Amino acid sequence: MQTSLEAATTAASKADEAAASLASTTGQAQGAIQAALIQGQTTIDEGKAMASSLRERAGKLPADSAVRKSLEEAAATIDDRTATAQETLDSLKGLNTRTLAASQALSEATAAVNSAVQQATGG
């Protein structure tokens, strides 16, 4: 039968292992998340460039041209959608940063608890 000190040591060790596993999984996912965030920003930047190009082309057409109006409306739609996409991407970047910080804090806290239990139990 385990003593309470042995049980505390075992529990602290398991918590430390779980935190290390979480940190490892988070680290592995980080590369994929960063790549997705970069791709998202690239897509947004391309949308902004497309809207600018449409406006430039529209500006070369007569003011009363139906094609000019269509190009300007398309540019405005792209601007709206890229602005919304940028807001979403910025939120995801913030969430990613907070998730990493929480994972690191959990890892550090469980390591500290495990160390304290090991010192207290002489393990």
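Note that the structure is a prediction, hence the values are computed from the model and not measured.
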With a 4.5 Å limit on heavy-atom distance, are the side chains of Ser115 and Gln119 in contact?
-> yes
Just how far is it from atom CG of Leu100 to atom CD1 of Ile33, taken to the nearest 0.5 Å?
-> 6.5 Å
Sequence-distant partners of Glu73, salt bridge (Lys or Arg N to Asp or Glu O under 4.0 Å), two or more places apart = Lys69
Look at the side chain of Thr99 and the backbone N and O of Leu95, then say whether any donor-acceptor pair between them is shorter than 3.5 Å.
-> yes
Minimum-distance pair of heavy atoms, taken over all atoms of Leu61 and Arg68 | O-NH1, 2.8 Å
Taking every non-hydrogen atom, the tightest pair across Glu72 and Ala58 | CG-CB, 3.8 Å
Search all heavy atoms of Leu54 against all heavy atoms of Ala74 and return the closest pair with its distance.
-> CD1-CB, 4.0 Å
Can you tell me how far NZ of Lys93 sits from CD1 of Ile38, rounded to the nearest 0.5 angstrom?
-> 8.5 Å
Donor-acceptor contact present, side-chain Ser53 to main-chain Ala49, <3.5 Å = no
Under 3.5 Å, is there a donor-acceptor pair between the side chain of Ser52 and the main chain of Lys48?
-> no
Kindly compute the distance separating OG1 (Thr97) from CG (Leu37), expressed to the nearest 0.5 Å.
-> 8.5 Å
Between the side chain of Arg98 and the main-chain N/O of Gly94, is any donor-acceptor distance below 3.5 Å?
-> yes
Of all heavy-atom pairs between Ile78 and Ala51, which one has the smallest distance, and what is that distance?
-> CG2-CB, 3.9 Å
